[in-house]
Amino acid sequence: MTLALPRDAVTTATSAHAERTDLADTAIVVDDLVVRFGAVEAVAGVSLQIPAGEAVALLGRNGAGKSTTMRVLAGVIPPTSGRATVAGHDVAADPMAVKRVTGYCPDVGGLAPRATPWEHLQLAATLRGLRGWEPRARHLLERFDLGGVAHRVTQGFSHGMSRRTSVVLAAFHEPEVLLLDEPFDGVDPRGVEATLEVVAEARARGASIVVSTHLRDLATQACATAVVLRGGSKVAAVDSAELVGEGGERVYRGFLD
Amino acid sequence: MPPGPLAGLVAVLRFRFRSRGQGRVRRLVGLAIFLGLSALIAIVPAVGELPPPLDHYGLDELRPYLDGLLPAFLAVGLLSSVTTGGGREVLSRDQAVAFPISPAVDHLGALVLAPLNLAWIVQSWLLVAISSYAGGPRGALPGVLLALAWMLVATAVAQALGWAVEWLRRGPHGRLVVGAGGALLLAGGAVLQARGILAELAAASPTGGLARELLATRADGFSGHWAAWLAGLLLTAAVASLAGMPLAAAVARRPSRDVERADARVHAARPDARTPLALVTRLDRTGVLRSVPLRRGLLVLTLLPGLGALVMPAQWSVVTVLVGLVASGAALLFAVNAWCLDGRGQLWRESLPVAPSLVFDARTRVVAELLLGCVLVTVGLAAIRAGAPSVSELVVLAVAVVVCVGQVTATAMSWSTHTPHQADMRSSRAIPAPPVVMMGYSTKLSLSTTLTCMVLGTLGATGHPGLAIGLAVPMLAWSAARLLRARRAWADPQVRALVTVVVAA
């Protein structure tokens, strides 16, 4: 594994949180995470720490291991080796607790094809034991311009509509950890704006956010810190400001090549 | 220059089957078992006897049976191609968009895949067995060759007609036209059957002539009119295969709006369910009932065997065998790959805080419900003309229903959990697993359930239905153990992760 910055760089690179290296305040701790699918090593020893109330962007080329890392953090895929804890819960030992504290927007689809957005919300609310969830669900659907299709099956949705619905599902129970995998992919400006607002609100209430995306500009808008993965390993963890503009693009390309 | 239809088909099939990845040896072994079994079915009746319930048929009594079976083969093929909107697709809709697959290649692909379904396989085995039995040691080979040639004709004609019906259905007022046409055909058939004319018509039709020729092979072997019949059948099959190409092209010019119509439908919000299990079950159930191919498949599976038994009254022993076949057919619609129902949504479902056992139980419940529903409707329709059953027949039937539904549910959930497949169940032409895998599933399910029903039927025929109940206990215990093994496997995060990654791919 090649690291451009120290293992705890995510924490240390963010000046506002430089002093918060205490693990008690750290919402996500990933230590030497490895995920293998047969002969393929999707994640090859990633380590990072993300403090509570922090938004971190996961960047990297296709196949860098971003989505697999997100799936591990969501409790969907167990790690092959290494350790990951989310809000103090070990993803391997207690995936159910991890699922309770996270809200996850998967990278592909992420919606049951023949259920409506409202039925998705109803299922999530029931399984999470939420009461009086309907007003917030309606509000979020309207905010993401999905109010008119709340009772239509999702398999007829455009890609952008599906992405927006997935963000609503991830955010509506106000989780401690919000995991958004490619939330801006194919989404129109209004949806992008709504997603950025959701991320900002989550930060404001002290939640941790991980946003995996290929859209560097949006990543830097949404998150204060960016972690770059390459070939399943972390190669950099920098302040997002370093990746802004043309200069930022050169820096980013330097991490990818 | 683009390749011709045959070269295109070969390229697509090669891509499809190479895409299957590992398990080649297992597939070859499965194919060898299937071919070996088919060879046994073709050879044994010629020198031995037919299996029950056909074993009491004399040669003369086979005539009306063949008169019915030959056109039924065509009718079932037609129904299959009509309900799937043009037969099975050689590449799924999502994959096919990346390639210039011509309607001719699509047609040939549908033809090649047509035999890979339970109804086709079971009927072909039955036809081969009867032809072999009718031909005896001297005429079995010519008889079986004629039967195979008829299968080609029926499959090609059904496919061509299927395209024609689909073209009509996609046209102005198409659903109404096709629905009314189907209802008229059904009503006409019922009237003809009620007046006792249907059997006469079947005997006087070309298939009646073929039935006579099949029976004549016992004495004539390869001589007589055999060669002329074979040449005529092969020529018809070739003409029908070619005729399907322009029809498929015509269908391609009329886009289907079925799925889009279903997608645009508004589903009113329902109140919260009393328990999480009830809600998950409800969502899984609607996932099946809102799927166009699954809804059509369930309708056909539920009505077809039952209506068949209405037209040609079946004895209770035959109805008992139908139970296993209907349960198997229903499972092949989606239950053999039950986790594919959510497709890519499985990733999100898996991120919800819910016990894996609850998710497994809900899916199992939906599978069992659907199998049971299909079986009960079939039995109900068949019962109308099967006469009053004896106590023994009733007990055996009830035992067969419970055992088969349990057996098929356990098998399907076990396959779903241990060998998941990526499948997009949106298209009406979709299947839940690759064609070769589906063929293996069809063979295994139909053989195991038919055997189960025949054994139970044989025990019931002894006049001691208690024996059937006695046998049902270990059978149910075996199914329960298998189901519990699959449930335990599902509880393993590694297994669930694999299933999720595969079905959400």
Side-chain angles (χ1 to χ4, degrees), chain A residues 35 37-38 42 67-68 71-78 80 91-92 95-116 118-129 131 133-134 149-157 162 165-166 169-170 179 181, chain B residues 21-22 259-280 282-292 294 340-356 358-359 424-426 492-498 500-502 504-505:
Chain A
V35 182
F37 299 113
S67 293
T68 307
R71 289 175 188 185
V72 171
L73 295 178
V76 174
I77 291 180
T80 307
V91 294
M96 185 68 87
V98 170
K99 290 171 185 180
R100 281 198 194 98
V101 296
T102 53
Y104 173 50
C105 157
D107 59 326
V108 285
L111 301 171
R114 285 169 292 278
T116 66
W118 191 260
E119 287 166 344
H120 280 83
L121 289 161
Q122 192 173 36
L123 177 67
T126 304
L127 297 181
R128 294 183 186 283
R131 291 183 186 280
W133 55 274
E134 293 89 346
V149 294
H151 301 292
R152 271 175 45 190
V153 293
T154 60
Q155 73 177 357
F157 283 13
S162 299
T165 310
S166 283
L169 288 171
L179 303 166
D181 199 351
Chain B
Q22 51 195 348
V259 174
E260 287 74 10
R261 245 194 309 266
D263 291 350
R265 198 166 295 153
V266 169
H267 303 276
R270 296 168 68 181
D272 288 344
R274 276 177 299 148
T275 62
L277 177 63
L279 185 62
V280 175
R282 187 168 86 188
L283 208 65
D284 285 354
R285 200 181 290 128
T286 53
V288 176
L289 298 178
R290 286 178 189 166
S291 161
V292 173
L294 297 184
C340 78
L341 259 191
D342 296 314
R344 291 171 175 174
Q346 179 65 25
L347 266 177
W348 174 73
R349 297 251 337 225
E350 193 44 34
S351 75
L352 293 171
V354 55
L358 185 148
V359 175
D424 174 12
M425 296 306 289
R426 192 178 178 201
D492 179 347
Q494 299 282 358
V495 172
R496 269 199 329 282
L498 180 70
T500 302
V501 168
V502 170

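Residue numbers begin at 1 in each chain, while the letters A, B, ... track the order of the sequences.
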Which atoms form the tightest heavy-atom contact between [X] and [Y], and what is the distance?
X: Val91(A); Y: Val72(A); answer: CG1-O, 3.5 Å
X: Leu347(B); Y: Tyr104(A); answer: O-CE2, 4.2 Å
X: Ala115(A); Y: Arg290(B); answer: CA-NH1, 3.8 Å

Pick from [options]: which one has the most heavy-atom pairs with chain A under 4.5 Å?
options: Gly343(B), Ala497(B), Ser291(B); answer: Ser291(B)
options: Thr275(B), Val501(B), Asp342(B), Leu352(B); answer: Leu352(B)
options: Arg265(B), Arg344(B), Arg496(B), Arg282(B); answer: Arg344(B)
options: Thr286(B), Thr500(B), Leu341(B); answer: Leu341(B)

Based on non-hydrogen pairs under 4.5 Å, which of [options] is most in contact with chain B?
options: Glu119(A), Lys99(A), Arg71(A), Met96(A); answer: Lys99(A)
options: Thr154(A), Thr126(A), Val98(A); answer: Thr126(A)
options: Ala92(A), Gly129(A), Pro78(A), Ala74(A); answer: Pro78(A)
options: Ala125(A), Gly156(A), Ala97(A); answer: Gly156(A)
options: Ser166(A), Ala112(A), Gly75(A), Pro113(A); answer: Pro113(A)

Please state whether the side chain, the backbone, both or neither of [X] comes within less than 4.5 Å of a heavy atom of chain B.
X: Leu111(A); answer: backbone
X: Phe37(A); answer: side chain
X: Pro95(A); answer: neither

With a 4.5 Å cut-off on side-chain heavy atoms, are [Y] and [X] touching?
X: Thr102(A); Y: Ser351(B); result: no
X: Leu283(B); Y: His120(A); result: no
X: Asp181(A); Y: Ser67(A); result: yes
X: Val35(A); Y: Ile77(A); result: yes
X: Arg152(A); Y: Trp118(A); result: no

